[in-house]
Asker: 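Take this structure, written in structure tokens, and hold onto it; I'll ask about it next.
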Amino acid sequence: MSTGRIASGTAARSRRTTETEGTDTFAEASVAAVPARSRSPQPGKAALGTLLRAARAARGLSQMELSLRIGVSQRHLGFLEVNRSRPSRGMLLTILDALNPPRSIRNATLIAAGFGPEPLTERAGIAMSRLMQTMLDAHDPFPAVVFDSDWYARSLSAGGRHLCELLMPRARGWAGADGKLDMIDAVADPDGLLSTARDAERAAATLLAQFWTEAWARPALLDRVRACGSELEARYGPLDASPREAGAPYLQLCFDTALGPLSFSCFQSIPGLPQDVSTTSHRIELWYPDDDHTRSVLEKWAKNSGPNHPI
């Protein structure tokens, strides 16, 4: 082989490595990694090998190079990429850690292998926290809250803090030792969220049904949900076990307050692509005014609340 051909080949490999170094090249690499005859969606068995080949191609690595990095034989990697072998979760995470694909591709690969996704908040860290805080700030003057999978409020918008002050000034201290607000206890508290709610029994049944439904996937919630249910049933009597589809992401609430009736539609959402959602994902709940009076009250309150306003 001539020196010119060697140089040309080296330059080509260098360009390939540089061009596929960043995660934004994954889409192009994934097309190149999949034979043209199988580029139509193939759910199920072909997905894992395709994703692994694409993730490796996006890093400009050969099977041999990757096998040396992670201490696995090239033959075994080859079997994984053609779906002749299935990796354990630990093995798959080792491969993904070495390839570092985009977070959502990482989760798509885990799902294709039959494993649960990793919560986006765990891997995005402070970037996701800032994103959700930006959403809270943008929603002002209306209430909004970010809460975790254990129903502890992580952050409230200014409008959310205003509403808490208005609706439950006599509520017991439902903040934990770490300062997080226990939203399950806020529902259970006789002076809490439902203390001024119209049709409080329906709202209690709806929220309790959601708590119980989530507790099936989050056993850590069971004791708190059980205590909440006992308090609500002692106050309202037996509650409707299924007042709505428990997975519905919305709830309508109306409160009788010193400022008149305030009506809201509340919606829960989880940022990220579908494969980034898990039972441990953080959620954001946005409250929208249902009428002009509620909107006007919140806007005037925000306008008249200076930086030193106690909330």
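Note that the structure is a prediction, hence the values are computed from the model and not measured.
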Asker: Could you check whether Glu81 pairs with Arg56 (Lys NZ or Arg NE/NH1/NH2 to Asp/Glu carboxylate O, under 4.0 Å)?
Answerer: yes

Asker: What I want to check is whether the side chains of Asp290 and Ser265 have a donor and an acceptor closer together than 3.5 Å.
Answerer: yes

Asker: Would you please classify the geometry between the Trp151 ring and the Phe211 ring as parallel, tilted or perpendicular, with 30° and 60° separating the classes?
Answerer: perpendicular

Asker: Under a 3.5 Å distance rule, please check whether Ser67 uses its side chain to pair with a backbone N or O of Leu77 as donor and acceptor.
Answerer: no

Asker: Taking the six-membered ring of Tyr152 as reference, does the cationic atom of Arg224 (NZ for Lys, CZ for Arg) lie under 6.0 Å from its centre and within 45° of its axis?
Answerer: yes

Asker: How long is the straight-line distance from CG of Leu193 back to CG of Asp185, given to the nearest 0.5 Å?
Answerer: 11.5 Å

Asker: Are Asp223 and Arg226 within salt-bridge range, i.e. N to O under 4.0 Å?
Answerer: yes

Asker: For Thr94 and Asp97, does a side-chain donor sit closer than 3.5 Å to a side-chain acceptor?
Answerer: no

Asker: Give a yes/no verdict on a cation-pi contact between Arg84 and Phe79, requiring under 6.0 Å between NZ or CZ and the six-membered ring centre and an angle within 45° of the axis.
Answerer: yes

Asker: Which class fits the ring pair Phe267 and Tyr288: parallel under 30°, tilted 30 to 60°, perpendicular over 60°?
Answerer: perpendicular

Asker: Say whether, by atom type as modelled, one donor and one acceptor occur between the side chain of Arg86 and the main chain of Gly114 under 3.5 angstrom.
Answerer: no

Asker: In terms of side-chain geometry, is the basic nitrogen of Arg218 or Asp148 positioned less than 4.0 Å from the acidic oxygen of its partner?
Answerer: no

Asker: Charged N to carboxylate O below 4.0 Å: is that the case for Glu214 and Arg283?
Answerer: yes

